[in-house]
Enquirer: 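Next up is a structure, given as C-alpha cells.
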Protein chains: 2
Amino acid sequence: MTDAACTVFVVDDDPSVRKGVQRLLRSAGFSTEGYTSAQAFLDGHDRAVIGCVILDLTMPGISGLQMQEALADSGSVLPIVFLTGHGDIPTSVRAMKHGAVDFLTKPVSDDMLLGAVRHAIERATVLEQEMREKHDIERRLATLTPREREVLTHLVRGRLNKQIAADLGTVEKTIKVHRARVMQKMQVRTLVALARLVQQAGIAVDSAG
Amino acid sequence: MTDAACTVFVVDDDPSVRKGVQRLLRSAGFSTEGYTSAQAFLDGHDRAVIGCVILDLTMPGISGLQMQEALADSGSVLPIVFLTGHGDIPTSVRAMKHGAVDFLTKPVSDDMLLGAVRHAIERATVLEQEMREKHDIERRLATLTPREREVLTHLVRGRLNKQIAADLGTVEKTIKVHRARVMQKMQVRTLVALARLVQQAGIAVDSAG
DNA sequence: TCACGCGTTGGCCCAAGGTCCAATTCCGTC
DNA sequence: GACGGAATTGGACCTTGGGCCAACGCGTGA
C-alpha cells in the first residue's frame, strides 16, 4: 500500500488553510481532496477509499468533533488528524478519547503534519485490511443455515460431535453432516482455523476449558 | 471488584492539592495513597495493588509525562489520570497517545474527577484480570520442554500429528506422546481450548488456512 | 404438483486422535 | 557409575472425525 494509493481528505472552511495543506500533501506524494464543510465531506466522500482525514475543529454547521462522532456512528474507521487554531485541552482530550490519531494546533510545521498523516495512513491500511478480512468471514458466515450456525458455535467451544448431538437433541451422524458443511462453507480444513475465523469476526462464544 | 479493594495513588508536589483530592476520593469510598514526587511513587508504591494514579504534570524532578513513560517501561499497566493546572494541548495529546485515561485541568469539578477515577479503576480491573490470566498461561507454558513447545506451535497451526512428525523428522507416535503431555501440562482437553490459550498469551503463530 | 433447500438419519470404511502398556537412548547430576 | 529427566519408539485398543452413498419428511416457491 503506497501513499499514492491513499487519499487525504482535507476538511476546513478556510480556503487558504485548505489549499496550503493540500499543496504540502501533494508535494509529499499524497492524493488529496478538499471539503469546505463537515456536511459536504459526510455527503460527498467516497467511502471505499482508503486514507485519512485532516479535520478542522470550528466550522460553520457541523463541528469537527461532531463530524468525528457522525463518522464513527456510520461505521467508518477512517483515521482523523485534527488541525485547529482555536482548540483547548478538554476538546483535544475528547478527540483523542474518540480515537483521533493526532490533534495538531496551528501553526504546524510541515514535518509534524506529514508525520501525523503518515501515521494515520499506516493505521488506515491496517484497519482496512482487518475490515476486509472481517467482511470476508462474515460473507461466508451468511451462507450458513441456522442449524449450521448453531453447530458452529458448539464446535468453536470445543464440543465433540456426540456432545453437540446431545445438546441439540439429535444424533452424532447429523452433526457430522452439519460439521462437514460448516467446514466447507467457511473454507477451512481444521477446527483450529475455524475457531480463528470466528474469533476474528468478533463473535462472542463462551469458552469451555 | 469493589472500589474499596482498589487504591488511588495521588502524585502531586502540592500538599493542598494532594490532601484535597485524597479527601474527596476517601469520601467517595476509595483508598488513597499520597506521594510528593514521581520518584517517591516509582520507588515506593506497591506494584501488586490494583488501582490507578492521579498524576500532576509539573513537579520537581521527574515530570508527569516522564513518570508515565517510566511506569510503562517497567511493564506496569496502572491507568493514569492527569490532573494539572499548567497543561497545554501538545502535552495532553501526548499523554493520551501514551494511554492516559483522562487529562483534567484544574480547577476540576468533583464529578469530573470521580468519573475519571471510576473509569480508570474499571480499566485497571479489566487489565489486571487479563494480566493474571496471561501470567497463569505463561506459568504453564514454562513447564513445557523445548520439544513439547515445538509441537505446541505446530498444533495451534492446525497441523496433523503425521505432518508434525514429518516436519520434525520423527514419527507420528512420538508426536502423540508430546501432544498428550502438552495438553496435560496446559490443562486443556481440546485443541480449540489450547489454541485459545496460546492466542491469549500473545504468542505469534502463523496460521494455516 | 413438482423441484429445491433444509434438516434429518442410516451404513460403511478409513484416517486420525487418545490412552494404556513397555522399552531404548542420551545427557547432566549426584 | 548410578539415577532421573527428556526424547524417542513400538504395540494394542478404543474413540472420534471425515468422506461417500442413499434416503425421508417438510415447507416454500415456481
Side-chain angles (χ1 to χ4, degrees), chain A residues 137-199 201 203 205-209, chain B residues 137-199 201 203 205-209:
Chain A
I137 295 168
E138 279 169 351
R139 191 173 47 70
R140 279 178 268 174
L141 276 173
T143 68
L144 298 182
T145 67
R147 198 56 158 175
E148 285 165 358
R149 188 179 293 255
E150 204 166 7
V151 171
L152 169 65
T153 65
H154 283 78
L155 282 177
V156 298
R157 287 176 59 189
R159 307 282 288 169
L160 300 179
N161 287 347
K162 188 186 291 185
Q163 295 173 318
I164 301 174
D167 292 343
L168 301 185
T170 180
V171 294
E172 186 181 351
K173 182 64 184 110
T174 306
I175 303 302
K176 274 193 179 185
V177 176
H178 288 314
R179 178 180 188 142
R181 292 227 169 84
V182 168
M183 301 296 282
Q184 182 202 336
K185 286 184 177 177
M186 296 304 290
Q187 298 169 27
V188 292
R189 283 171 322 177
T190 73
L191 193 55
V192 183
L194 180 69
R196 213 192 314 273
L197 278 197
V198 169
Q199 201 247 340
I203 298 176
V205 176
D206 293 329
S207 81
Chain B
I137 296 168
E138 279 169 351
R139 192 173 46 71
R140 278 178 269 173
L141 276 174
T143 68
L144 298 182
T145 67
R147 196 59 159 176
E148 285 164 0
R149 188 179 292 254
E150 205 166 7
V151 171
L152 168 65
T153 66
H154 284 78
L155 282 177
V156 297
R157 287 176 58 189
R159 307 280 289 168
L160 301 179
N161 287 347
K162 188 186 292 186
Q163 295 172 317
I164 302 173
D167 291 343
L168 301 186
T170 181
V171 294
E172 184 181 353
K173 181 62 182 105
T174 306
I175 303 303
K176 273 192 179 185
V177 176
H178 288 315
R179 178 180 187 142
R181 279 205 233 284
V182 168
M183 301 295 282
Q184 182 203 335
K185 287 184 177 177
M186 296 305 290
Q187 299 169 28
V188 292
R189 282 171 322 178
T190 71
L191 194 52
V192 183
L194 181 68
R196 214 192 313 273
L197 279 197
V198 169
Q199 201 249 340
I203 298 177
V205 177
D206 294 328
S207 82

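Residue numbers begin at 1 in each chain, while the letters A, B, ... track the order of the sequences.
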Enquirer: Atom CZ in Arg149(B), atom OG1 in Thr153(B): separation rounded to 0.5 Å?
Expert: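 Atom-to-atom, Arg149(B):CZ and Thr153(B):OG1 are 9.5 Å apart.
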Enquirer: Given atom CD of Gln184(A) and atom P of dC20(D), what is their separation to the nearest angstrom?
Expert: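 Value for this atom pair: 10 Å.
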Enquirer: Rounded to the nearest angstrom, tell me the gap between atom CG in Leu194(A) and atom C1' in dG17(D).
Expert: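 Taking CG of Leu194(A) and C1' of dG17(D), I get 14 Å after rounding.
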Enquirer: Partners of Glu172(A) by side-chain hydrogen bond (donor to acceptor under 3.5 Å, both in side chains), sequence neighbours excluded?
Expert: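 Applying side-chain hydrogen bond (donor to acceptor under 3.5 Å, both in side chains) to Glu172(A) gives none.
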Enquirer: Quickly work out the Leu191(A) CG to dG17(C) C1' distance and round it to whole Å.
Expert: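 Whole-Å distance recorded here is 13 Å.
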Enquirer: State the CD1-CD distance between Ile137(A) and Gln187(A), to the nearest 0.5 angstrom.
Expert: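 So the CD1 of Ile137(A) and the CD of Gln187(A) are separated by 10.5 Å.
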Enquirer: Quick one: which of dA7(D), dG10(D), dC6(C) gets closest to the side chain of Thr145(A)?
Expert: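 Taking heavy atoms from C-beta onward, the closest nucleotide is dC6(C).
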Enquirer: Between atom CZ in Arg149(A) and atom C1' in dC6(C), what is the gap in whole Å?
Expert: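 Computing the Arg149(A):CZ to dC6(C):C1' distance gives 15 Å.
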Enquirer: Kindly write out the residues that satisfy side-chain contact (heavy atoms from CB on, under 4.5 Å) with Leu191(B), not counting sequence neighbours, or none if the list is empty.
Expert: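 If we apply the side-chain contact (heavy atoms from CB on, under 4.5 Å) test to Leu191(B), skipping adjacent residues, the hits are Val192(A), Leu155(B), Arg179(B), Leu194(B).
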Enquirer: Got a sec, which residues hit salt bridge (Lys or Arg N to Asp or Glu O under 4.0 Å) with Lys185(A), two or more places apart in sequence or on another chain?
Expert: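 For Lys185(A) the salt bridge (Lys or Arg N to Asp or Glu O under 4.0 Å) partners, ignoring immediate neighbours, are Glu148(A).
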Enquirer: Could you work out which one of dG17(C), dG7(C), dT8(D) sits closest to the side chain of Asn161(B)?
Expert: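 Nearest to the side-chain atoms of Asn161(B), counting from C-beta on, is dG17(C).
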Enquirer: Below 4.0 angstrom, which residues in residues 173-180 of chain B have at least one non-hydrogen atom near DNA chain D?
Expert: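 Here the set is Lys173(B), Thr174(B), Val177(B), His178(B).
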Enquirer: What is the distance, rounded to the nearest whole Å, between atom CZ of Arg159(B) and atom C1' of dA16(C)?
Expert: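 One finds 15 Å between C1' of dA16(C) and CZ of Arg159(B), rounded.
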Enquirer: Which residues satisfy the side-chain contact (heavy atoms from CB on, under 4.5 Å) test with Arg147(A), sequence neighbours excluded?
Expert: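 Per chain and number, Arg147(A) pairs via side-chain contact (heavy atoms from CB on, under 4.5 Å) with Thr145(A), Glu150(A), Leu168(A), Thr170(A), His178(A).
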Enquirer: Given atom CD of Glu172(A) and atom C1' of dG7(C), what is their separation to the nearest angstrom?
Expert: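 That distance rounds to 17 Å.
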Enquirer: Among dA7(D), dT8(C), dG17(D), which nucleotide has an atom closest to any side-chain atom of Leu160(A)?
Expert: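 Nearest to the side chain of Leu160(A) among the choices is dG17(D).
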Enquirer: At under 4.0 Å, does any side-chain N or O of Lys162(A) touch on OP1 or OP2 of dT15(D)?
Expert: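 No, outside the criterion.
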Enquirer: In whole angstrom, what separates Glu148(B)'s CD from dA7(D)'s C1'?
Expert: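 Distance, rounded to whole Å: 9 Å.
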Enquirer: Roughly how many Å is it from CG in Leu168(B) to P in dA6(D), rounded to a whole number?
Expert: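 Between P of dA6(D) and CG of Leu168(B): 18 Å.
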Enquirer: Holding to side-chain contact (heavy atoms from CB on, under 4.5 Å), I want the full list of residues that pass it with Gln184(B), two or more places apart in sequence or in another chain.
Expert: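 Per chain and number, Gln184(B) pairs via side-chain contact (heavy atoms from CB on, under 4.5 Å) with no residue.
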